[in-house]
Protein chains: 2
Amino acid sequence: MTPLKNDRLIRALLRQEVDHTPIWIMRQAGRYLPEYRALRQKAGTFMELVQNPTLACEVTLQPLARYDLDAAILFSDILTIPHAMGLGLEFVAGEGPIFTKPIRHEQDVQNLPIPDPSEELNYVLDAIGLIQNELKGRVPLIGFGGSPWTLACYMVEGSGSKDFSKIRAMRYARPALLEALLDKLIEATVAYLNAQIAAGVNAVMIFDTWGGILSPNDYLHFSLKPMQKIIAQLNLNQNDRRIPCTIFTKNGGQHLSAMASSGADALGIDWMTSLAEAKHKVGDKVALQGNLDPAVLYGNPGTIVQAAQEMLDVYAGAPGHVFNLGHGIYPDVDPEHVAVLVETVHSYVGTRPII
Amino acid sequence: MTPLKNDRLIRALLRQEVDHTPIWIMRQAGRYLPEYRALRQKAGTFMELVQNPTLACEVTLQPLARYDLDAAILFSDILTIPHAMGLGLEFVAGEGPIFTKPIRHEQDVQNLPIPDPSEELNYVLDAIGLIQNELKGRVPLIGFGGSPWTLACYMVEGSGSKDFSKIRAMRYARPALLEALLDKLIEATVAYLNAQIAAGVNAVMIFDTWGGILSPNDYLHFSLKPMQKIIAQLNLNQNDRRIPCTIFTKNGGQHLSAMASSGADALGIDWMTSLAEAKHKVGDKVALQGNLDPAVLYGNPGTIVQAAQEMLDVYAGAPGHVFNLGHGIYPDVDPEHVAVLVETVHSYVGTRPII
């Protein structure tokens, strides 16, 4: 591994001292950037872009050419695993992801293969290699996957959904079948994230977009427990360094205490949760990553600076905070506003609380 | 007013003793009932049904003919106010509500009229009169409206939305204009709910479907405060009786303490929050209404009975709980399962905690 010239992200995720709070932005490589839109137009479909390592590398690096970000995140999608399982992933403009062969019958679950990352997902591993060759240790590269519950939501519904009533019906009508599906997704995700680690990512993140639609007991059982099982099987301890693992449950603000005991090094938190309360709840167990309302970037620079500074005041330079938005950046945000945000975070001089 | 033969709902909302926990079901008059679907087919569009007092009365009473429910709720929609303001409400199959004339410019807000309930919304008041004539005090009738923030979400977006990025951009780019819109909606809602009370409803509820997408500070300012202002102006104290007021914020589980100080008599809670924790947070300030996962009704009768009993064990007969789902019943639920649920709640014999 090339040593990292900027290891603020890794240090902050591990609750170590940093000279300033690191920042990266969920979906930082994406549609709000004109250079992304230009490349996307040339590349064909979204999945063609994701599956082309050269272009995925180029897209991953685009935001780092513009901004002094403290991390790169692999340009990919959480649904690569179900796609590799044969469900036929497509992205329909304005509608989001669609599976042409969703899970409909018991045998669909039984017949699901566990993809070999070096075969069906080699385009991801190739992209990681290309990106790290370009980064040369400038900043860490974050790899990621979806939580088993979130992947199952899309696989059973066949797409995004307002109520996710198909999979929630399955949970009450066929709980054992749901568990069998989750077990397959745990196994596939462990193999996938360990392959990303072997290919050279410096940190990993598990995105649990839909854990927050579950009742509290169901969240613990069907969403958090599978993530815990994954974390326990990841090769996070590499010789002399730790690959920090972050888990992010959208609408998971009521579960932070349980999440802090999952084995994750850090929790991503959405903007609907108070960072100060979250810090109080998790204590010194984990770092926190977040959580500016992405809509703040629609405001003028003065509004952005003020909102970012108020958020930075919560940690005030104490270890354990990675600045981020509370969710992915919106496609219609002015790229200049992102520059204001990054500059605000990097120039912040906080005073630590005395007590 | 005809005296109520069954006043369990009112007593429970006011935290008074009841012989058993009352139950009603959000969207109990709706698509899961074959008799509703039959009438809906005859009636034309959804809005034609809502605006026809005779049919709205018939639909309101349908679930009470099937089940021993402890309340009726007016068959209507939260978007009647924006419709009366001239935004042109339509329901598109599979897409939900659409406004043909959404808020797009500053003058759209300035020009918004405050509807006179006895004019533009008289169909609602007429329906209330017809329903109470039929009910003859059998159970209370609940009237309702939407929260100003939630109405504003639909009015600015023009429909439902994944991210509500238009109104969230407005919040940061034009906060004063958003406040002006909310002020108009407060005034209109006060007039509307007071007209419903004058027409004879026994309880009122404010549905805040989208308050949960806001950051904690923004929730307090843009969603809860407008609801507080409404509650303070409602004629809830009628000679010798109280019209209980319930507020329900979907994904509001992190705000229950603040909501309990809003002036509301009760809080509706969604299924993503633990009823036991919610009870602990609100103490004896308010009653709680909820919060079974609506997906439980996809399970078999044994699953339904067990889940309902576990929920009833939280209050175990102590005052202050109204049984309900944590959100509206799903259209594809078996109506027989609702019968199982109602029977389970009514036959529950709880033991109060000794301490």
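Per chain, numbering begins at 1; letters A, B, ... match sequence-line order.
- When each of B:His255, B:Gln254, B:Glu277 is scored by its heavy-atom pairs under 4.5 Å with chain A, the top score falls to B:Gln254.
- The candidate with the highest count of non-hydrogen atom pairs below 4.5 Å against chain B, out of A:Leu214, A:Asn300, A:Val296, is A:Val296.
- In this structure, A:Arg168 does not pair ionically with A:Asp163, as no charged nitrogen and carboxylate oxygen lie closer than 4.0 Å.
- Counting all heavy atoms, side chain and backbone alike, A:Ala316 lies closest to A:Tyr348 at CA-OH, 3.8 Å.
- A salt bridge is defined here as a Lys NZ or Arg NE, NH1 or NH2 lying under 4.0 Å from an Asp or Glu carboxylate O, and B:Asp218 with B:Arg171 meets this definition.
- With respect to chain B, the highest number of heavy-atom pairs below 4.5 Å among A:Ala173, A:Gly326, A:Gly299, A:Gly253 belongs to A:Gly253.
- Closest of all the heavy-atom pairs between B:Thr249 and B:Asp270 is O-OD2, 4.1 Å.
- A:Thr303 touches chain B through its side chain: at least one heavy atom from C-beta onward sits under 4.5 Å away, while N, CA, C and O do not.
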